[in-house]
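What follows is a single structure, written as structure tokens, with notes after it.
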Amino acid sequence: MKLSIKDRIGPRCIIKEDGQKIFDEIHGPLKKGETVTLNFDGVNQFASPFFNFAIGQLLKDINETDLRRFLQIESLNETGKLVIERVIENAAKYHGDKDYRKIVDDILEQQAKESD
Amino acid sequence: MTEKVIKINTLNDKPEHFEQLFNIWSQVNNDAENVRFDFSQCSFLRPNAVAFLGGLARLIESRRGSVVFDWDTINNSWVRATIRQNGFAGMFGDSSPSWEGHSIPYREDRSLDLNGISDYLTFNWIGKGRIHVSDRLRDDIVGWMWEIYNNAFEHSASEIGVFSCGQHLWRKKKLILSVVDFGQGIPTNVKNFLRQYAAEDNVARLKSKYCLEWAFESGHSTSIGHVARGIGLDLLKEFIHLNQGKLEVYSNDGYAIIDENGDRYEDREISFAGTIVHITLRCNEKLYQLKDEADSP
């Protein structure tokens with residue numbers, strides 16, 4: 001399967017709604033182990049919300065190794081690649097069940113140390 | 001009904017000038033205020049002040065109040081020319097013709113308008129002629145700046161939208177963008193998020209500077225759901241360091257500054273309900289050397 005991003009959403013890969021459209025098209029084939037190629041020719045503006053939804057959320061049920069194996073990226077400049085890499089790294093370590101109580105305790109401990 | 005006259009002083013972008021803006025906000029932060037802004041003591045307005053005053057006017061109007069910008073009180077020709085040129089005066093009742101100069105327009109967004117905001121950044125902010133960057137670099141910068149608007153709309157819960165203005169300091173070769181919202185503020189948003197998981201007493205004790213620091217760390221987000229977020233501000237920070245620029249955030253009583261001296265977070269004496277993101281970029285393309293452009297023959 002090969003998708004031209006410019007044909008699907010235009011020259012700006014920025015908003016999460018467009019990312020969701022791409023996710024909806026590629027999630028099924030990738031889950032079945034099909035190779036998907038995203039071609040970014042003609043796309044010139046990038047921001048993380050698009051990639052969080054298009055690619056980051058694939059990691060909720062596809063492991064990183066399979067994602068890197070089956071998802072091919074073409075004609076994406078270095079900036080776009082940097083954003084994708086950050087999105088994948090972030091999504092791979094993301095857990096919806098973070099211990100926020102501990103986070104608050106840690107911040108309070110830091111505050112207390114600084115006020116000593 | 002009584003009209004409150006607020007004198008606008010000269011407003012630059014030093015911390016004390018932001019404090020003056022928050023003082024003005026605190027004077028009109030009630031329902032049904034009738035306010036007249038007097039510019040007789042104003043000899044300079046940075047875009048942070050323009051965006052803030054525009055947003056404040058909309059905030060007052062949204063609370064059944066009224067606002068008059070008394071253009072007849074302007075004594076300073078630079079101020080008059082600037083706010084006519086950037087469209088601010090025309091948007092608030094000045095009947096004099098505006099003209100298309102080098103000013104970066106004042107802008108109001110009620111919703112996250114992909115093409116409107118992207119075009120503004122691409123063609124009216126960085127692309128306004130005096131800054132010579134490649135199209136590729138311009139597009140990259142637009143992507144980093146988008147993260148500010150995205151955060152403002154996604155997290156601020158501002159009912160009146162987002163207000164922005166910019167300026168080229170062409171002698172200093174700097175480019176400024178100020179984005180203002182009158183929403184809940186980042187520290188309040190972080191606390192409201194953490195309240196779902198931690199004891200109220202503990203959350204209430206969190207200082208704003210730590211809430212801001214938490215929000216700026218990679219992977220931290222107050223968005224709920226199955227999609228990982230929280231890298232936008234981190235990417236923006238990296239870009240600011242690369243550019244040797246400056247990113248300042250005033251939100252509630254918290255203040256963050258990211259510049260060549262590192263990242264610092266502070267609590268300030270004065271607070272306001274909302275967030276100002278104020279960015280100063282250096283207009284030197286050598287600072288932005290893009291890896292793949294550098295590698296090309």
Side-chain angles (χ1 to χ4, degrees), chain A residues 9-20 23 43-61 76-83 85-112 114-115, chain B residues 112 114-115 117-119 121-122 135-147 149-151 154 190-191 193-199 202-203 205-207 209-211 213-214 218-221 223-236 238-239 290-295:
Chain A
I9 61 161
R12 288 172 165 152
C13 287
I14 288 184
I15 56 173
K16 63 184 182 186
E17 290 80 4
D18 286 338
Q20 184 66 43
F23 172 86
V43 177
N44 46 30
Q45 292 182 338
F46 309 97
S48 66
F50 171 84
F51 288 115
N52 283 333
F53 279 76
I55 293 176
Q57 67 170 323
L58 292 167
L59 286 154
K60 69 182 178 182
D61 56 10
L76 183 63
N77 69 29
E78 287 294 323
T79 307
K81 286 178 189 166
L82 167 75
V83 181
E85 275 308 309
R86 291 299 173 78
V87 162
I88 291 176
E89 281 170 26
N90 188 47
K93 67 183 182 190
Y94 175 75
H95 301 289
D97 56 349
K98 270 185 189 167
D99 188 350
Y100 288 104
R101 192 179 303 174
K102 184 173 182 313
I103 287 169
V104 171
D105 290 343
D106 289 347
I107 296 174
L108 287 173
E109 194 181 323
Q110 192 185 348
Q111 274 185 200
E114 286 202 8
S115 59
Chain B
L112 192 57
L114 169 64
N115 287 320
I117 293 170
S118 299
D119 285 348
L121 293 170
T122 306
D135 287 354
R136 160 76 195 288
L137 175 56
R138 181 199 64 194
D139 289 337
D140 282 358
I141 294 173
V142 169
W144 307 138
M145 296 306 124
W146 177 268
E147 305 285 355
Y149 286 89
N150 189 68
N151 276 322
E154 193 157 350
V190 168
K191 286 182 189 177
F193 173 75
L194 293 173
R195 271 190 184 98
Q196 301 170 93
Y197 308 97
N202 286 346
V203 173
R205 283 162 52 209
L206 295 175
K207 290 182 176 176
K209 67 175 185 176
Y210 292 103
C211 294
E213 188 170 1
W214 185 84
S218 181
H220 288 181
S221 173
S223 297
I224 296 171
H226 56 273
V227 181
R229 320 269 191 99
I231 61 167
L233 284 177
D234 200 49
L235 287 165
L236 180 61
E238 275 184 38
F239 169 70
L290 296 162
K291 186 175 178 300
D292 46 344
E293 286 187 342
D295 291 345

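Numbers restart at 1 for each chain; the letters A, B, ... are given by sequence-line order, proteins then strands.
- In this structure, chain A has a heavy atom under 4.5 Å from the side chain of B/Glu213, while its backbone stays farther away.
- Side-chain contact between A/Ile15 and B/Trp146 is present, with at least one heavy-atom pair separated by less than 4.5 Å.
- A side-chain donor from one of A/Arg12 and B/Asn115 sits under 3.5 Å from a side-chain acceptor of the other.
- Qualifying side chain to side chain donor-acceptor pair (under 3.5 Å) partners for A/Gln110, counting only residues two or more places apart in sequence or in other chains: none.
- Nearest heavy atom pair, residue A/Ala47 against residue B/Gly143, reads CB-O, 3.9 Å.
- Crowding of A/Lys60 atom NZ: a count of heavy atoms from other residues, nucleotides or ligands under 6.0 Å exceeding 12.
- Summarising the geometry, atom CD1 belonging to A/Ile14 is positioned 12.0 Å from atom OH belonging to B/Tyr149; distances are rounded to the nearest 0.5 Å.
- Looking at B/Asn150, the atoms closer than 4.5 Å to chain A (heavy atoms on both sides) all sit in the side chain, from C-beta outward.
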Does B/Asp234 form a side-chain contact (heavy atoms from CB on, under 4.5 Å) with A/Asn90? I'd like the steps, not just the answer. CA-CA 11 Å; B/Asp234 200 49; A/Asn90 188 47; over 6 Å; no
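- For the 3.5 Å distance criterion, the side chains of A/Thr79 and B/Arg136 qualify, holding a donor opposite an acceptor.
- Residues A/Glu114 and B/Lys207 are not paired through a salt bridge, judged by the lack of any N-O separation under 4.0 Å between the basic side chain and the carboxylate.
- Here A/Asn52 contributes atom CG and B/Ile231 contributes atom CD1; the two are 5.5 Å apart, rounded to the nearest 0.5 Å.
- Using a 4.5 Å cut-off between heavy atoms, B/Leu206 touches chain A through backbone and side chain atoms alike.
- Inter-residue side-chain proximity for A/Asn44 and B/Asp135 is flagged as unmet; no heavy-atom pair is nearer than 4.5 Å.
- Atoms CZ and CG, on A/Phe46 and B/Asp139 in that order, are 8.5 Å from each other to the nearest 0.5 Å.
- Heavy-atom distances place the side chain of A/Lys16, and not its backbone, under 4.5 Å from chain B.
- Expressed to the nearest 0.5 Å, how far CD of A/Gln45 lies from CE of B/Met145 amounts to 12.0 Å.
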Let me see the working for B/Trp144 and A/Val83 under side-chain contact (heavy atoms from CB on, under 4.5 Å), right down to the final yes or no. CA-CA 10 Å; B/Trp144 307 138; A/Val83 181; 4.1 Å; yes
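- The closest donor-acceptor contact from the side chain of A/Gln111 to the backbone of B/Tyr210 lies at 3.5 Å or more, if one exists at all.
- Taking CG from B/Leu236 and OG from A/Ser48, the interatomic distance works out to 10.0 Å, rounded to the nearest 0.5 Å.
- For a residue to count as touching a neighbouring chain, one of its non-hydrogen atoms must lie under 4.5 Å from one of that chain's; by this rule A/Leu59 does not touch chain B.
- No donor-acceptor contact under 3.5 angstrom links the side chains of B/Ser218 and A/Glu89, judged on distance only.
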